[in-house]
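Everything quoted here is computed from the prediction, not taken from an experiment. Here is the naming used below: chain letters follow the sequence lines, and residue numbers restart at 1 for every chain.
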Amino acid sequence: MPLNEAVAERLNEMCRLLELLGENQFKAIAHSRAARVIESLPGPVEQLDKPALLALDGIGDKIADKIIEFCASAAGGTPRIAEHEKMLKQVPAGLLPILDIPGLGPKTVRAMWQTLGITDIAALKKAIDDKSLLTLPRMGEKAVEKIKAGLSLGEEATRRIALGLALPMAERIAAELRAIDGVERVEIAGSLRRGRETVADIDLLVETAEGRGGKARTGKQASAKTDQPHPVIEKFCSLPDVRQVISKGPTRASVRAVINLHSGRWKGGGPDEHPVEPTMQVDVRVLPKKSFGAALLYFTGSKDQNIVLRQRALDRNLTLNEYGLFPDDKEPTPPQDRDVRPVAGSTEEGIYKALGLPFIPPEAREHAADIAHFETSGVPRLVELADIKADLHAHTTDSDGRMSMRELVAQAKSRGFHTIAVTDHSKSSAIANGLSPERLRAQIKAVRALNKQLQSEGADIRVLAGSEVDILADGTLDYDDDLLQELDIVVASPHAALSQEPALATRRLLRAIEHPLVHIIGHPTGRLINRRAGLAPAMDELIAAAKQNNTALEINAHWMRLDLRDLHVRAATGAGALLAIDCDDHDPSDFDNLRYGVATARRGMLTPELCVNTWSREKLLAWLKSKR
DNA sequence: GCCGTTTTCGGCCCGACTGTTTTCAGTCG
């Protein structure tokens, strides 16, 4: 595995140790910022030399040295950073899990440690029981109750939730909020709107009709002491799925609400993985129409791009906050509290325009450095759900699918597709009832017959005879070439040996990419989000070979896979390689996962030209034929 | 610790909410 994740984790831990030691908070922030930068690198961090590291925004001389130290020692088996180890000698390791408890920050945990000698969770529980915790400054009964609630949540409090679980949940709550009297508009914001593969919480923004039921007030005007929560906030906090109200003020509330797990192939965590009822945090903010665009921009983030936008505003003698874009008159009272007329604020488009920028789609709002690029080159026309006209990876009851060929066609037609590929498993995938060569030959005949029938019915859809053929551990394919040659489309995917060495995985996948009869590499790494890391091949080599051989790399749209992931899609589009967005359908509902694949594609800057699923049938068939 | 077409020093986002306080520190996003 590339060391990116390990480096980021270590830097984040250093940030927390610095906080606990009471060091300069900006020094701590610098470490977590560097961690984010490393996390979003497309390639392996260990391949970067010092000049390359220094070229990254947010990484300077000191942190670059620490990263190099970490990578160099990792080669010897035990990655270490001397300064990290020095800090670990000063700070008891047991304090770090305490810092994860919601509501507890570095100041409080440090006070626990320094004055009460609390160094781990067990000692904290003891201090709660014998009431000694109450002797800390600013520590009362309610604060202790909060800590107890946080303790019982355990790891649930910090777990990131898969996009495919969080988005339906957010949409359900948004629908309930829209039904409330006086609500004009509800939008999902945060990393969920940016389409990230996992999210920590759900952010919802509510626009209410002015002058109805407690006008939303801001800044100094509002105070939790004197103002009652907005009726929408009250309603939200009493929704049936809400298990705990974390905070509730005039215009904002945070709760923990129940996650509805799926009942499909992947349940997204069974009861065994959830000692407590699975919940996640949901934040709601109520806003007036005139601020809605500014708030949507602000709460969609990313934080990194927000900082650039605010700086850009200042450069133009403007000031940007969640209430609008205002003239910057240097007054100490915020402009929204002085009825200053905003330059923009009701729409995101208006704010981008006033800042001299094109509209940036939410999925493209991850990296700070991209803004300068969008300013000079514009934002590419990213692929959209409506562009997708074909699904090239689907299973039937012949292997492990739940649909007949006819059902598959019906689903594809209802989605407006002109083409659907039947790609059942190959013989080595015995557990998935993979087809023997004889059964595959019979299926090819059945597909040809079905196409004739569909044509006679006047149906404007084409069924492709295909296979999802296993890429075996050594890179050979699970069927002979003469059989593959008979197929309209070949999707080659790794299913077993998913923990092999990176060098082996690279060679294995390269062989498949270079195979003259292969069109698409299905879920190239085989990872499962929050479950299985999958293969870690040299992605730049795969991408270069894919471009060279006119082979498409798949973005598997299932929310448990999203494989290729966003970073690698971005590297592939940058290199001009072809990509396919496919649902790997096993069940009719799997077609609905397409939007997660499209979101991942957009995060990777994929345009319709490079996405084979958007092509006309003629263009698609010509490409498939070019490999026969 | 990072960064800089005003700066190599002096900044680093800032507003909402809570709980414990007699006016605000800590946490969070």
hbond_proxy A/N24 side chain to B/dG1 base (donor-acceptor, 3.5 Å cutoff): yes
Electrostatic pair A/R365:A/D370 at N-O distance under 4.0 angstrom: no
Value in whole Å for how far the C1' atom of B/dT18 lies from CD of A/E145: 15 Å
B/dC17 and B/dT23, which share atom name P, separated by this distance in whole Å: 23 Å
Earlier contact from the 5' end, DNA chain B, for A/M139 and A/E83: A/E83
Between C1' of B/dC13 and CD of A/Q305, the distance in whole Å: 16 Å
Integer-rounded Å distance: B/dT20 C1' and A/E141 CD: 12 Å
Atom-to-atom span, CD of A/Q311 to C1' of B/dC3 - whole angstrom: 11 Å
Nucleotide of B/dC13, B/dC2, B/dT18 approaching A/R310 most closely (side-chain heavy atoms): B/dC13
Length of the CG-P vector between A/L136 and B/dG19, whole Å: 17 Å
Polar side-chain atom of A/N530 near backbone of A/R160 as donor-acceptor pair, under 3.5 Å: yes
Separation of the C1' atoms in B/dA25 and B/dT20, to the nearest angstrom: 9 Å
Lys/Arg-Asp/Glu bridge criterion (N-O < 4.0 Å) met for A/R16, A/D100: yes
Under 3.5 Å on both distances, the Watson-Crick or G-U partner of B/dT8: none
A/E23, CD atom: more than 12 neighbouring heavy atoms under 6.0 Å: yes
Interatomic distance, A/K146 NZ vs B/dT18 P [rounded to whole Å]: 7 Å
Interatomic distance at P, B/dT21 relative to B/dT27, whole Å: 15 Å
Spacing of the C1' atoms in B/dG10 and B/dT6 (rounded, Å): 14 Å
A/R527 vs A/R565 side-chain heavy atoms within contact, under 4.5 Å: yes
Under-3.5 Å donor-acceptor pair between A/R33 side chain and B/dC2 base: no
Residues A/E348 and A/R193 bridged, charged N to O under 4.0 Å: yes
Salt bridge flag under 4.0 Å for residues A/E39 and A/R196: no
Sugar-phosphate, base or nothing in reach of A/N306, heavy atoms under 4.0 Å: nothing
Sugar-phosphate, base or nothing in reach of A/L18, heavy atoms under 4.0 Å: nothing
A/R285 with A/D203: basic N within carboxylate O range, under 4.0 Å: yes
Whole-Å P distance, B/dC14 and B/dG1: 24 Å
Nearest-nucleotide pick for A/T251, side chain only, options being B/dC3, B/dC17, B/dG1: B/dC17
Side chain to side chain donor-acceptor pair (under 3.5 Å) assessment of A/D130 paired with A/S132: CA-CA 6 Å; A/D130 66 21; A/S132 61; 2.7 Å; yes
Separation between the P atoms of B/dC13 and B/dC2, rounded to whole Å: 16 Å
Euclidean distance for P, B/dC24 against B/dG11 (whole angstrom): 23 Å
Nearest-Å distance once atom C1' is located in both B/dT8 and B/dC3: 10 Å
Nearest-neighbour nucleotide for the A/F26 side chain, B/dC12, B/dT18, B/dC2 considered: B/dC12
A/I246 CD1 to B/dG26 P, straight-line distance once rounded to whole Å: 21 Å
Short side-chain N/O contact to B/dC13 OP1/OP2 from A/Y323, under 4.0 Å: no
Euclidean distance, atom CZ of residue A/R338 to atom P of B/dG15 [Å, nearest integer]: 11 Å
Given B/dC3, B/dG19, B/dC2, the nucleotide with the shortest approach to the side chain of A/R138: B/dG19
Touch class at under 4.0 angstrom, heavy-atom based, for A/L309 against every strand present: nothing
Look for any protein N or O under 3.5 Å of an N or O in nucleotides 27-29 of chain B and output each such pair with its distance, or none.
from: B/dT27; atom 1: OP1; to: A/G105; atom 2: N; distance (Å): 2.7
from: B/dT27; atom 1: OP1; to: A/G105; atom 2: O; distance (Å): 2.9
from: B/dT27; atom 1: OP1; to: A/T108; atom 2: N; distance (Å): 3.0
from: B/dT27; atom 1: OP1; to: A/T108; atom 2: OG1; distance (Å): 2.5
from: B/dT27; atom 1: OP2; to: A/K107; atom 2: N; distance (Å): 3.3
from: B/dT27; atom 1: O5'; to: A/G105; atom 2: N; distance (Å): 3.4
from: B/dC28; atom 1: OP1; to: A/G103; atom 2: N; distance (Å): 2.7

